[in-house]
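Inspection log for the structure reproduced underneath, given as structure tokens.
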2 protein chains.
Amino acid sequence: MIDAAGLRVMKAIADEGSFTGAALSLGYSQPAISQMVRRLEQRTGTVLVERVGRNVRLTEAGQVLARHAVAVLSALDAAEEEVAAIAGLRAGRVRLMAFPSSSATLVPRALALVKQRFPDVQVTFTEAEPPESLAALKAGECDLAVAFAYEGTDVGRGEEDMDLFVTHKLLDDEVRLALPRTHPLADRDGIELSALATENWIAGCPRCRGHLLQMCANEGFTPNVGFETEDYVAVLGLVAEGLGVALIPDLILRTANHHDVVTLPITPSSRRTISVVTTADLQRVPAVQATIDALCEAAKAKPRVLASN
Amino acid sequence: MIDAAGLRVMKAIADEGSFTGAALSLGYSQPAISQMVRRLEQRTGTVLVERVGRNVRLTEAGQVLARHAVAVLSALDAAEEEVAAIAGLRAGRVRLMAFPSSSATLVPRALALVKQRFPDVQVTFTEAEPPESLAALKAGECDLAVAFAYEGTDVGRGEEDMDLFVTHKLLDDEVRLALPRTHPLADRDGIELSALATENWIAGCPRCRGHLLQMCANEGFTPNVGFETEDYVAVLGLVAEGLGVALIPDLILRTANHHDVVTLPITPSSRRTISVVTTADLQRVPAVQATIDALCEAAKAKPRVLASN
DNA sequence: TGGCTTCGATAACTTTCGGTTATGATCGCC
DNA sequence: GGCGATCATAACCGAAAGTTATCGAAGCCA
């Protein structure tokens with residue numbers, strides 16, 4: 001019934017004391033004010049201004065509207081400013097989910113980049129493996145997921161609704177064989193997977209275990225998996241103690257290595273692709289886009305860290 | 001930029017969880033919501049909803065708008081309600097000015113009527129003689145003036161801008177001669193003004209004094225005015241003490257009389273007209289109209305009071 | 001897996017509302 | 001009494017907002 005424009009006009013009339021002044025201050029023409037007031041009067045069914053001589057004066061009801069105008073308009077301005085802040089990266093919240101081994105350096109580096117560039121954008125971070133993080137993304141519980149997919153399977157995921165998601169590849173993560181320094185094969189430059197059919201194996205996270213089984217099946221054998229743990233530090237410990245060998249992504253080795261463990265490239269080579277995943281809608285949110293950018297840059301900066309290691 | 005309708009829509013979407021639901025709850029069609037959201041999005045330059053499957057979910061910016069919506073809309077409702085209260089006589093303030101002798105019974109009775117009918121309408125009351133009250137009305141310092149004009153002069157006033165004002169006649173007030181009970185003429189049923197040329201006169205308010213001089217001039221003499229006071233009780237006291245005679249409006253005699261004073265009709269008869277004056281704009285304000293009505297009714301009820309006196 | 005239902009997007013049309021220009025009426029002032 | 005300023009009114013114009021009709025797609029259910 002009453003709209004903000006009407007209130008703005010009433011306030012301008014109260015401030016300026018005349019229709020003409022109000023028109024000037026609002027950038028309208030004088031008749032616009034005139035009929036705007038008339039509209040308001042017949043909508044409210046009340047006299048809002050009294051025409052006295054060639055000036056006008058607000059009635060009590062008119063003063064009421066003018067008084068409320070400041071409250072309404074300031075609330076409107078506040079809303080506008082707040083979304084403008086989000087649009088202008090002066091505010092905003094990004095809920096990021098990433099799988100554990102990415103949170104070692106890739107994610108912290110990206111978060112630091114975002115914080116440096118847009119100090120008021122808040123990125124919250126939760127660890128989650130790709131299946132859960134993508135489910136959370138779908139459920140609207142996060143805005144961004146850092147996920148990985150092993151070569152062969154699709155980048156975003158191997159699942160059906162890949163077109164719902166938008167993925168940006170961050171980096172390729174080579175899978176290497178980890179074995180004890182004391183192992184007979186430890187001094188080789190590389191090794192064929194098929195030569196490891198009789199080893200005891202240590203498996204990582206469920207997806208990694210699946211990938212291990214898949215690769216071995218391709219080579220014609222079923223690995224003897226003696227241990228399973230999601231903690232790659234534990235995997236390295238187990239390997240170091242000579243309890244078995246493991247396939248470990250290179251990304252993990254950059255931050256956690258063990259002086260009793262040697263890693264070798266394998267044949268056929270295998271890698272996983274690490275990507276950041278979001279939705280088409282969310283990607284258009286500035287803070288989300290900024291976080292994606294930061295992640296991409298953090299990923300590009302990675303190899304140097306690797307080389308120095 | 002952002003309008004209340006947009007906020008209302010955002011809130012409805014937040015509440016209903018879908019465009020269709022919002023459309024239903026607001027009485028719009030579904031496409032209306034759809035393009036309303038799109039408009040808002042391109043105005044704010046931000047993504048406000050994410051389309052997930054066949055439902056929608058608000059983004060952070062969208063939630064911000066929905067959250068502010070309640071503040072803005074409630075402020076708007078408050079404004080609307082307040083003017084509706086004024087329009088519906090559940091609120092409102094009337095600033096009434098009346099000349100002193102009208103405040104004895106006429107005004108109190110009218111105020112009581114208003115208070116009984118519309119307990120929440122506040123009538124404030126200030127005493128003022130017609131010249132000042134009408135000036136105040138013109139200056140916007142009051143809404144209603146109870147004024148009087150002596151026969152011959154115009155009802156609203158004798159001045160130029162009578163068409164600015166709207167007047168409602170309340171009652172005619174007969175002017176009577178007040179003289180001491182001991183006066184030789186005190187037992188007459190009436191008296192010619194011309195027979196009083198040699199009396200000592202006591203004059204009331206400036207306008208009354210002017211009227212006295214005018215009447216006497218019409219009868220061919222100039223009254224010998226020994227006292228002037230605006231306080232009619234004082235006039236009666238002076239008359240009672242035999243210090244002179246006076247012309248006193250009947251309205252005053254209804255509330256203030258003196259057992260040593262006798263009043264008589266005079267010839268030529270004279271009366272003043274008591275009216276309530278406002279402006280055309282203010283008359284359309286419900287509370288003002290209600291007060292006018294109450295004054296008219298209070299004036300009609302008057303004669304009975306007089307008769308019983 | 002294939003229809004059925006439902007939901008959002010889009011297009012095209014219509015109407016109403018809000019605004020401007022032009023003009024008139026009136027007031028206050030010189 | 002004329003002049004300048006102010007509000008009101010009329011006529012006109014355009015944009016914006018809402019509607020109907022239709023499409024595409026998603027989820028649901030058998």
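By convention in this document, chain letters (A, B, ...) are assigned in the order of the sequence lines, proteins followed by strands, and residues within each chain are numbered from 1.
The interatomic distance linking B/Q35 (CD) with D/dA16 (C1') rounds to 10 Å, in whole Å. Going from atom CD of B/Q30 over to atom P of D/dT20 covers 12 Å, rounded to whole Å. The nearest whole Å value for the distance from the CD atom in B/E16 to the C1' atom in C/dT6 is 16 Å. As rounded to whole Å, 6 Å separates atom P of C/dG8 from atom CG of B/N55. Distance CD1 (B/I33) to P (C/dA9): 11 Å, rounded to an integer number of Å. In this structure, the CG atom of B/L26 is 14 Å from the C1' atom of D/dA17, given to the nearest Å. Spacing between atom CG of B/L40 and atom C1' of D/dA17 amounts to 13 Å, rounded to whole angstrom units. Taking atom CG of residue B/D3 and atom C1' of nucleotide D/dG18, one finds them 14 Å apart after rounding to whole Å.
By the 4.0 Å N-to-carboxylate-O rule, B/E81 lies close enough to B/R90 to be salt-bridged with it. Residues A/D173 and A/R272 are paired through a salt bridge, judged by an N-O separation under 4.0 Å between the basic side chain and the carboxylate.
Of the candidate nucleotides C/dT10, D/dT19, D/dC7, C/dT10 has the atom lying nearest to any side-chain atom of B/R38. Across D/dT9, C/dG8, D/dG18, the shortest atom-to-atom separation from the side chain of B/R51 is found for C/dG8. Comparing D/dA8, D/dT19, C/dA9 by their closest approach to the side chain of B/S29 singles out D/dT19. Set against D/dA8, D/dG18, C/dT21, the side chain of B/M36 has D/dG18 as its closest nucleotide. Comparing D/dC7, D/dT9, C/dA11 against the side chain of B/P31 picks out C/dA11 as the nearest.
Ring-plane geometry between A/H211 and A/Y150 is classed as parallel, the angle between the planes falling under 30 degrees on a 0 to 90 degree scale with a further cut at 60.
Across all strands, A/S18 comes closer than 4.0 Å only to sugar-phosphate atoms, never to a base (heavy-atom distances). At a threshold of 4.0 angstrom between heavy atoms, the contacts of B/T20 are confined to the sugar-phosphate backbone, with no base atom among them. Here A/R43 lies in heavy-atom contact (under 4.0 Å) with sugar-phosphate atoms only.
A/M97 has its side chain out of reach of A/R95: every pair of non-hydrogen atoms, C-beta onward, lies at least 4.5 Å apart.
Taking 4.0 angstrom as the limit, B/S34 places none of its side-chain polar atoms (N or O) nearer than this to OP1 or OP2 of C/dG8.
Comparing A/F19 and B/R39 along DNA chain D, the residue whose closest nucleotide (by nearest heavy atom) sits nearer the 5' end is A/F19.
Counting heavy atoms of neighbouring residues, nucleotides and ligands inside a 6.0 Å radius, atom CD of A/Q122 does not exceed 12 of them.
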